[in-house]
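Comments concern the structure below.
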Amino acid sequence: MDEYQLDYFKENGFVRKQCPKCGKNFWTRDAETEFCGDPPCVSYSFIGAPVFKKEYDISSMREAYLSFFEKHGHTRVSRYPVIARWRDDIYLTIASIADFQPFVTSGLVPPPANPLTISQPCIRLDDLDAVGRSGRHLTTFEMMAHHCFNKRGEEIYWKDRTVELCDSLLKSLGLDLDAVTYKEAPWAGGGNAGPSVEVMVGGLELATLVFMDLKQTKGGSIDIKGDSYEKMDNYIVDTGYGLERFVWASKGSPTIYDAVFPKIVNELMDLAGIEHAIDNPEYAEIFSQNARMAGVMDISGQANLLQLRKKVADSIGTTVEKLQRIMVPVESVYSITDHTRCLAFMLGDGIIPSNVKAGYLARLVLRRTLRLMKELEIREPLIEIIEMQIRNFPEYPEFKERLDTIREIVGLEEEKYADTIERGTKLVRKTAQHFKEKKEKMPLGEIIQLYDTHGIPPEITREVAKEIGIDIELPDTFYSLVAKKHSKAEEDEDKALKLDLPQTRKLYYEYPEQSDFEATVLDVIEKNIVLDRTIFYPEGGGQPADHGTLSVNDYVANVTDVQSLNGVIVHETDSDFGFKKGDTVKGILDWERRLAHMRHHTATHIVNEAAKSVLGKHIWQTGAQKSTDRARLDLTHFKRISEDEFKEIELRANRSVMKNLPVHIDWMDRIEAEKRYGFVLYQGGVPPGKDIRILRVGNDVEACGGTHVSNTGFIGPIKLLKTERIQDGVERIEFSAGEAAIKRLQERDDLLNKASEALRVSPEQLPDTVNRFFEEWKDFKKENERLKAELAEARVKAMMGDAVDVNGLKVLAKKIPHADVEELIKVATEFSKNDDVVAILASDKSGVKIVVAAGARAQKLGVNSGAIVREMSKLVGGGGGGKPGIAQGGGTDASKIEEALEKGVEMVREKVG
RNA sequence: GGGCCUGUAGAUCAGGGGUAGAUCGUUGCGUUCGCAACGCAAAGGCCGCGGGUUCGAAUCCCGCCGGGUCCA
């Protein structure tokens with residue numbers, strides 16, 4: 001391909017070669033180089049043989065990189081959070097380019113600087129299993145990068161300059177440039193594609209230089225792996241230099257972990273009581289060998305791991321078992337080191353552990369870390385290690401600010417995990433015992449169930465079951481089996497109708513206080529009307545659409561819904577009148593509805609701000625919905641909001657109202673706004689477009705497209721109604737504002753008044769009185785129970801004489817008026833304590849109730865209470881059943897009671913007589 | 001966002017249309033110089049809430065509330 005025939009290569013004595021192993025092309029200065037430089041074609045040669053002229057640590061390498069590019073015309077940009085707040089398609093920041101997607105890369109929004117350089121912390125959890133084991137995998141890494149956003153006709157630099165910069169950077173670090181190969185590796189991903197070169201040194205991929213200039217397009221002329229692409233107008237230099245790998249290459253340590261965080265690895269080794277393995281040359285060689293071999297293979301999954309172990313064991317002349325004994329604890333230490341760094345970033349950037357979304361990922365890492373710590377018998381609290389990491393990052397002072405919150409979160413998470421494990425262990429014991437008694441194997445379904453519904457990892461199930469004495473085999477594919485159980489949600493089809501109409505002028509922004517307007521009809525699609533301008537707010541940002549009327553002369557149609565389709569606003573009406581293109585219509589808003597929405601919307605911002613000030617900086621809005629009579633606001637928080645906090649939020653929100661703060665609205669350049677206010681702007685979601693609407697009320701600043709009152713005083717009272725935990729880690733606050741709030745308060749008063757009237761006490765006395773009533777009610781119930789038992793005894797004595805003799809059995813058939821089932825049962829049971837008595841009782845309470853009880857001897861003779869009751873009940877139009885000793889039944893026809901009793905006696909006679 | 005599990009005595013749980021149970025804990029009595037242990041006995045339940053089905057619901061169905069958990 002011509003894509004790679006760079007002038008720079010030609011002018012600097014590079015030769016293009018084809019790797020005899022993988023067949024890929026690569027460029028090198030050294031004509032002797034045979035292979036492409038990429039594992040598995042070659043293996044690591046830098047371990048024990050550092051490639052730069054001196055050793056760097058994380059911060060000195062980062063600084064060397066950024067200042068190099070600064071010197072070469074790039075502007076240094078601060079890092080973005082690891083939680084991708086500005087995007088709704090990914091949770092975590094996975095690459096430096098992710099910072100600039102989608103609006104900068106699409107060309108809609110200019111970059112914060114151009115060209116720019118950045119060192120962006122990224123988190124990828126895809127290879128979690130390999131972390132610690134492969135010697136090179138990390139969940140968290142910094143992607144150093146320089147980006148250049150070009151437009152046709154406005155090119156800043158492209159491929160040649162990019163490779164040149166890479167070369168000179170490497171040279172400035174003291175690399176012998178003969179040692180580097182640029183491997184051709186076309187790149188595609190996320191709807192974009194382009195040529196790319198991988199920068200290989202010593203068998204390690206230090207960087208990737210991507211030249212993104214294609215976008216996936218239907219019917220595009222360029223075909224890559226079956227998808228068609230087209231050239232973009234804007235084309236982007238997207239580089240990624242692995243900071244940790246550079247550090248590793250500069251030190252040549254056995255593993256990346258030893259290179260990047262030697263201090264923490266050492267401290268953890270101490271805590272775990274493990275010998276400082278890497279100081280021991282013999283051990284260092286094992287880990288070097290392991291990293292070299294892992295470098296050339298995929299080690300995901302048990303089978304692959306075992307294969308690696310075997311290779312390493314063979315190469316140093318030992319057994320797999322011995323090797324495992326040495327390596328596993330050290331690998332765990334590496335993992336913990338990596339994971340706690342990951343947690344420092346996640347929690348430091350404000351992720352709240354939860355069972356959904358990014359919070360779930362945080363919990364996953366956290367629990368994995370706790371498990372590893374337990375295995376190593378590290379008793380130090382997790383937070384201590386995370387704090388160690390935070391102290392180790394003086395370049396991220398923002399983490400220290402949040403330390404108190406982080407401490408509380410980690411503490412709570414540790415407790416939760418301990419609870420889960422404890423509950424889990426009990427459950428597993430029980431389940432295992434069950435199968436042991438049945439002398440069966442524990443079925444796989446059961447183990448999946450334990451994991452799926454109770455969160456008990458299969459490893460723990462196996463361990464606990466072993467104690468009970470049951471062996472369990474776990475398939476390698478366990479986790480994919482679980483995944484299979486959960487079907488995927490179908491994606492809705494995109495059926496947005498395309499309108500070839502100009503953007504509607506948004507009068508609701510220009511005249512927020514106005515409730516009527518005139519406009520021209522641009523199009524009519526059935527009952528949907530498009531105007532050139534409108535004052536009707538379309539549904540969006542959690543605010544419902546405006547209602548009102550549209551009229552032409554005398555004809556009036558109701559507007560029932562308003563939607564915005566890419567800026568074209570469509571009014572859905574109930575009209576059967578033919579609105580025509582060109583008509584001038586008069587629109588009138590249902591102002592009460594709109595006003596209620598405005599109040600609730602501005603109130604939402606105020607409550608959000610109040611919640612943040614009461615609960616802490618980690619509070620982040622995850623959703624909100626307004627209506628005319630209430631609004632709700634979902635916030636990330638790691639525990640339930642207490643009653644006191646609830647009241648305090650309410651109080652502070654109302655104080656903001658009483659201050660009558662002005663509501664400022666400005667349209668701002670997106671990048672400018674992000675720079676000034678940060679990503680807190682995107683509480684309510686990420687709006688599209690170059691310019692965004694910024695709303696400021698008090699200390700709250702958000703990008704918001706909603707309609708608002710001009711001063712907080714217009715909101716009126718804000719009444720918090722309740723909090724709810726909609727998900728672990730997400731609290732929902734419901735409230736009403738303005739007139740709706742007053743209505744709520746009145747409704748509550750009504751409830752209180754009704755309740756106190758019913759009890760004839762004042763509302764103040766209500767709690768005490770209700771309490772007393774409830775206690776008394778319980779006492780009476782018990783009393784009643786006791787009296788019934790006494791009464792039953794008395795009745796038995798009184799009625800014994802009425803029994804008829806049936807072949808030696810005493811059969812008593814009697815109607816006891818008004819008795820309820822319980823009474824009947826008590827009496828019947830009392831009778832049947834006599835072995836030879838059969839009691840057949842009935843009452844006429846709410847229809848017919850029947851109870852039959854038979855003494856022990858009667859039962860032996862074949863009297864079956866259940867059968868008798870069944871037959872009797874049929875007669876009275878119902879059903880019944882029970883055990884031979886006692887049975888209940890009933891029906892609806894009270895006039896047949898005598899008949900039923902006779903039937904009962906007859907049945908006994910049939911059996912015995 | 002999509003599932004699944006779960007709510008019974010102070011605690012841990014069993015039962016799963018037909019008189020609400022076990023163990024521990026509590027209280028009393030016995031035994032003891034006293035304690036522990038043991039023996040006997042008792043107290044302690046809106047079976048989460050509201051509807052429905054049924055002669056009858058802790059149990060089945062629906063809704064709500066609370067707790068847990070998995071997947072994306």
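Letters A, B, ... are given to chains in the order of the sequence lines, protein chains preceding strands, and every chain is numbered from 1.
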Strictly under 3.5 Å: I want the nitrogen or oxygen pairs between protein and nucleotides 56-67 of chain B, one per line.
unit_1, atom_1, unit_2, atom_2, d
G67(B), OP1, Arg640(A), NH1, 3.2

Can you check nucleotides 42-53 of chain B for protein contacts, nitrogen or oxygen pairs under 3.5 Å, and list what you find?
unit_1, atom_1, unit_2, atom_2, d
G44(B), OP1, Lys782(A), NZ, 2.9

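A cation-pi arrangement, defined by a distance under 6.0 Å to the six-membered ring centre and an angle within 45 degrees of its axis, is absent between Arg772(A) and Trp777(A).
Contacts classified as salt bridge (Lys or Arg N to Asp or Glu O under 4.0 Å) and involving residues 841-870 of chain A (residues at least two apart or in different chains) are given here: Lys815(A)-Asp844(A).
Comparing G56(B) with G17(B), their C1' atoms are spaced 8 Å from each other, to the whole Å. Rounded to a whole angstrom, the distance from the P atom of G45(B) to that of G67(B) is 25 Å. Going from the C1' atom of A58(B) to that of G18(B) covers 13 Å, rounded to whole Å. As rounded to the nearest Å, U31(B) and A37(B) have C1' atoms that lie 11 Å from one another. Comparing the same atom, P, in C70(B) and in A9(B) gives a spacing of 27 Å after rounding to whole Å. Across the P atoms, C65(B) and C55(B) are found 32 Å apart, a figure rounded to whole Å. C33(B) and G15(B): their C1' atoms are spaced 47 Å apart (whole Å).
In this structure, the side-chain hydrogen bond (donor to acceptor under 3.5 Å, both in side chains) partners of Arg725(A), at least two apart in sequence or on a different chain, are Asp728(A). With sequence neighbours excluded, no residue satisfies side-chain hydrogen bond (donor to acceptor under 3.5 Å, both in side chains) with Arg748(A). Not a single ring-ring contact (aromatic ring centres under 6.0 Å, His included) links Phe773(A) to another residue, sequence neighbours left out. Applying the side-chain hydrogen bond (donor to acceptor under 3.5 Å, both in side chains) criterion to Glu645(A), with sequence neighbours excluded, gives Ser642(A). Ala84(A) meets the side chain to side chain contact (heavy atoms under 4.5 Å, CB included) test with Trp86(A), Arg87(A), Ile90(A), Thr93(A); sequence neighbours excluded. Residues satisfying the side chain to side chain contact (heavy atoms under 4.5 Å, CB included) test with Glu830(A), not counting sequence neighbours, are Glu793(A), Val796(A), Lys833(A). Not counting sequence neighbours, the partners of Leu745(A) by the side chain to side chain contact (heavy atoms under 4.5 Å, CB included) test are Lys719(A). Taking the side chain to side chain contact (heavy atoms under 4.5 Å, CB included) definition, one finds that Met799(A) meets it with Arg795(A), Asp802(A), Leu812(A), Lys814(A), Ile816(A), Val827(A), Phe831(A), sequence neighbours left out.
In this structure, Tyr91(A) places its OH atom 7 Å from C1' of A72(B), rounding to the nearest Å. For the pair Glu785(A) CD and A20(B) P, the computed distance is 8 Å after rounding to whole Å. Nucleotide U69(B) holds its C1' atom 12 Å from the NZ atom of Lys416(A), rounded to whole Å.
When the shell of 6.0 Å around CD of Glu775(A) is examined, it contains more than 12 heavy atoms from other residues, nucleotides or ligands.
Between the side chains of His339(A) and Arg368(A), at least one donor-acceptor pair of N or O atoms lies under 3.5 Å.
For Thr420(A) and U69(B), the shortest distance from a side-chain N or O to OP1 or OP2 is below 4.0 Å. Dashed line: the shortest gap from a side-chain N or O of Lys845(A) to OP1 or OP2 of C55(B) is not under 4.0 Å.
When both distances must be under 3.5 Å, the Watson-Crick or G-U wobble mate of A58(B) does not exist. Across all strands shown, G30(B) pairs with C38(B); the Watson-Crick or G-U wobble distances both stay below 3.5 Å. Across the strands present, G10(B) finds its partner in C24(B); the criterion is a Watson-Crick or G-U wobble pair with both atom distances under 3.5 angstrom.
Sorted by residue number, the members of residues 818-830 of chain A with any non-hydrogen atom under 4.0 Å from RNA chain B read Ile825(A), Thr829(A).
Within the nucleic acid shown, Arg367(A) comes within 4.0 Å of sugar-phosphate atoms alone, with no base atom in reach, counting heavy atoms only.
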